[in-house]
Amino acid sequence: MAEIKESFKNQNILVEDRNKVTITGVEQVESFNDNTIILRTIKGGMVIKGEGLNVGKLNLDDGNVKIDGNINGISYIDKDISQKGNIIGKIFK
């Protein structure tokens with residue numbers, strides 16, 4: 001796992017017309033449904049909220065994910081959180 005973190009140094013988020021987002025530096029997709037996608041990135045946890053969300057393209061080898069749907073918000077969660085249960089617990093607190 002340490003090798004993955006070393007190969008990704010930057011994280012970029014590109015939002016196109018509020019209906020497509022491309023994110024680099026993604027380590028893992030923790031969970032997803034039509035309204036919420038939770039990712040673990042090199043900069044910490046990330047939550048994408050919206051409607052009709054769909055993970056269109058996922059390449060964890062390159063650390064890239066493309067998401068389609070109506071994007072309402074993107075937020076970070078503390079970098080210290082490393083376990084899935086803690087991330088989800090913090091989001092729905």
Side-chain angles (χ1 to χ4, degrees):
M1 180 89 122
E3 294 174 15
I4 293 174
K5 286 189 176 188
E6 290 176 13
S7 64
F8 304 128
K9 295 186 181 189
N10 295 322
Q11 180 181 35
N12 296 304
I13 303 170
L14 173 65
V15 180
E16 301 174 49
D17 297 326
R18 288 189 63 188
N19 61 15
K20 292 181 186 176
V21 64
T22 303
I23 303 168
T24 62
V26 175
E27 295 177 338
Q28 184 70 38
V29 175
E30 297 289 344
S31 70
F32 67 93
N33 61 38
D34 289 345
N35 299 318
T36 305
I37 298 175
I38 302 171
L39 307 172
R40 186 174 66 227
T41 74
I42 60 169
K43 301 292 184 182
M46 178 182 287
V47 178
I48 295 99
K49 293 201 176 211
E51 298 171 4
L53 299 178
N54 180 42
V55 178
K57 183 177 180 184
L58 173 63
N59 186 340
L60 293 178
D61 292 334
D62 293 336
N64 297 324
V65 66
K66 292 186 179 185
I67 298 169
D68 299 317
N70 185 19
I71 314 282
N72 293 332
I74 299 173
S75 59
Y76 281 105
I77 303 170
D78 294 338
K79 187 173 183 173
D80 297 359
I81 299 172
S82 61
Q83 295 177 350
K84 180 179 176 182
N86 288 343
I87 291 175
I88 293 173
K90 178 143 181 143
I91 291 169
F92 296 109
K93 203 172 191 179

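Atom set for the values below is all heavy atoms of this structure, side chains included, hydrogens, waters and symmetry mates excluded.
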**Prompt:** Do I74 and V21 touch side chain to side chain, with heavy atoms closer than 4.5 Å?
**Reply:** yes
**Prompt:** N33: what forms a side-chain contact (heavy atoms from CB on, under 4.5 Å) with it, not counting sequence neighbours?
**Reply:** N35, T36
**Item:** Heavy-atom closest pair, residues E27 and I42
**Value:** OE2-CG2, 3.7 Å
In a table with atom names and distances, give each donor-acceptor pair under 3.5 Å that connects a side chain of residues 50-58 to protein atoms at least two apart or in another chain.
none

**Message:** To the closest 0.5 Å, what do you measure between CE (M46) and CD (Q11)?
**Reply:** 4.0 Å
Could you give the side-chain donor-acceptor pairs of residues 65-73 under 3.5 Å, partners two or more places apart or in another chain?
none

**Item:** Nearest-0.5 Å distance, OH of residue Y76 to CG of residue L39
**Value:** 10.0 Å
**Message:** Quick one: does any side-chain atom of T24 pair with a main-chain N or O of N12 as donor and acceptor, under 3.5 Å?
**Reply:** yes
**Asked** Between I48 and I23, which heavy-atom pair has the shortest distance, and what is it?
**Response** CD1-CD1, 3.9 Å
**Complete:** In this structure, CD of Q28 is separated from CG of L60 (nearest 0.5 Å) by 6.0 Å
**Prompt:** Would you find a donor on one side and an acceptor on the other, under 3.5 Å apart, between the side chain of D62 and the backbone of N64?
**Reply:** no
